[in-house]
Structures are given as C-alpha cells and as structure tokens.
Colleague: 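One structure follows; several queries about it will come next.
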Amino acid sequence: MMPSALDSWINQSSKSDSFNTKDNRTPEQNELIALRKELKQLRMENVIPK
C-alpha cells in the first residue's frame, strides 16, 4: 500500500519535530532554493541576461 500524504507529513514531522516546510527540506532542496534566489537577484541586477 502506498503511503498517503498524511502518512508522509507525519513521518517528516517526527524526524524534525516540526511541521514547518522549511524544517523538513533536504539539503539539496535548500541549495536549489538558494541558487534560484541568487539567480533571480543577479537577473534583477542585469548581471545575467534573461
């Protein structure tokens, strides 16, 4: 049987003791978010063309 979204949510929260999304991200997810934010900033400064 495939775990439900609720099962996944409970499993994640039990690992981090938090229900906040940011507390349950993998290091890779955090890095991707940071890189996207940096790219957006560089594009706004016209350092990197769109």
Colleague: For Asp7, check side chain to side chain contact (heavy atoms under 4.5 Å, CB included) against everything at least two apart and list the hits.
Modeller: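 Only Pro3, Ser4 meet the side chain to side chain contact (heavy atoms under 4.5 Å, CB included) criterion with Asp7.
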
Colleague: Once side chain to side chain contact (heavy atoms under 4.5 Å, CB included) is applied, do any residues pair with Thr26, and if so which ones, sequence neighbours excluded?
Modeller: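 With sequence neighbours excluded, Thr26 shows a side chain to side chain contact (heavy atoms under 4.5 Å, CB included) to Glu28, Gln29, given in chain and number order.
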
Colleague: Tell me which donor-acceptor pairs under 3.5 Å the side chains of residues 31-45 have, and how far apart each pair is, sequence neighbours excluded?
Modeller:
residue : atom : partner : partner atom : Å
Gln41   : NE2  : Glu45   : OE2          : 2.7

